[in-house]
Amino acid sequence: QVQLVESGGGLVQAGGSLRLSCAISDGTFSSYGTAWFRYAPGKEREFVAAIQWGGSSTNYADSIQGRVAVSRDNAKDTVTLQMNSLKPEDTAVYYCAAALFELGSQLASRYPYWGQGTQVTVSS
């Protein structure tokens with residue numbers, strides 16, 4: 001059973017930064033493409049960023065591109081989402097999702113494995 005565990009959420013003021021991490025408990029971490037999604041109160045699930053399996057090709061939502069960067073560390077079996085210039089509208093629960101040999105789709109249905117989520121709150 002593949003398990004994903006997010007960490008790094010919290011409360012930050014507008015304009016600040018946060019780094020989220022996603023640890024994947026599987027011996028073939030490099031085979032997983034990973035994405036970040038977020039749920040905000042009263043809104044639909046929204047794609048944030050993704051990184052393809054085994055490599056460094058990335059995909060970002062237009063609404064947040066330029067303020068976030070996703071990367072992977074195959075030695076530590078983790079994927080990191082660096083978020084900068086945060087805005088109150090970035091407040092949401094952020095979820096890490098993974099799929100074998102995924103190239104970085106924005107579709108949530110492509111990812112069968114999900115973490116429990118981590119809360120990000122940006123105060124104005």
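Nothing fancy with the numbering, it's 1 onward along the sequence.
- No side-chain donor-acceptor contact under 3.5 Å links Tyr111 to the backbone of Gly33.
- When side chains are defined from C-beta on, Val70 does not count as touching Thr34, because their heavy atoms never get closer than 4.5 Å.
- Put simply, CD1 on Ile64 and CG on Leu86 are 7.5 Å apart, with the number rounded to the nearest 0.5 Å.
- Rounding to the nearest 0.5 Å gives a distance of 6.5 Å between CD1 of Ile51 and OG of Ser56.
- A heavy-atom distance below 4.5 Å is not found between the side chains of Arg19 and Asn84.
- Linking Ile, Leu, Val, Met, Phe, Trp and Tyr whenever their side-chain heavy atoms come within less than 4.5 Å leaves Leu4 and Val93 in two separate clusters.
- Listed for the Thr118 side chain is a donor-acceptor partner under 3.5 Å among the backbone atoms of Gly9.
- The side-chain heavy atoms of Val120 and Met83, taken from C-beta on, include a pair separated by under 4.5 Å.
- Using a 4.0 Å cut-off between charged side-chain N and carboxylate O, Arg72 and Asp77 make no salt bridge.
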(Q) Would Ser123 and Leu11 count as a side chain to side chain contact (heavy atoms under 4.5 Å, CB included) here? Give the steps. (A) CA-CA 7 Å; Ser123 63; Leu11 174 64; 4.3 Å; yes
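- Taken together through direct or relayed side-chain contacts under 4.5 Å among Ile, Leu, Val, Met, Phe, Trp and Tyr, Tyr94 and Val12 form part of one hydrophobic cluster.
- A ring-centre distance under 6.0 Å is not found for Tyr95 and Phe37.
- Although no hydrogens or angles enter the test, the distance criterion places a donor-acceptor pair under 3.5 Å between the side chain of Ser25 and the main chain of Gln3.
- When every heavy atom of Ile24 is checked against every heavy atom of Ala98, the shortest pair comes out as CD1-CB, 4.1 Å.
- Side chain of Thr91 to main chain of Val122: a donor-acceptor pair is present (N/O by atom type, distance under 3.5 Å, no hydrogens or angles).
- By the 30° and 60° cut-offs, the orientation of the rings of Phe101 relative to Trp53 is perpendicular.
- Put simply, CD on Gln106 and CZ on Phe47 are 4.5 Å apart, with the number rounded to the nearest 0.5 Å.
- Residues Leu103 and Phe29 fall within the same hydrophobic cluster, defined by Ile, Leu, Val, Met, Phe, Trp and Tyr side chains chained together at heavy-atom separations under 4.5 Å.
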Q: Evaluate side-chain hydrogen bond (donor to acceptor under 3.5 Å, both in side chains) for Thr78 paired with Asp73, printing each intermediate quantity in order.
A: CA-CA 5 Å; Thr78 59; Asp73 186 336; 5.0 Å; no
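- Closest approach of Ser124 and Ala14 over heavy atoms only: CA-CB, 4.3 Å.
- Going from atom CD of Glu102 over to atom OG of Ser31 covers 13.0 Å, rounded to the nearest 0.5 Å.
- Between the side chain of Asn59 and the main chain of Gly104, a donor-acceptor pair closer than 3.5 Å is present.
- Atom CZ of Arg67 has more than 12 heavy atoms from other residues, nucleotides or ligands within 6.0 Å.
- Note that CD of Glu6 and CH2 of Trp36 are 5.5 Å apart. Values are rounded to the nearest 0.5 Å.
- Annotation: the span from Ser17 atom OG to Gln82 atom CD amounts to 5.5 Å, rounded to 0.5 Å.
- Screening Glu46, Glu44, Arg45 against Tyr39 for a side chain to side chain donor-acceptor pair (under 3.5 Å) leaves a single residue, Arg45.
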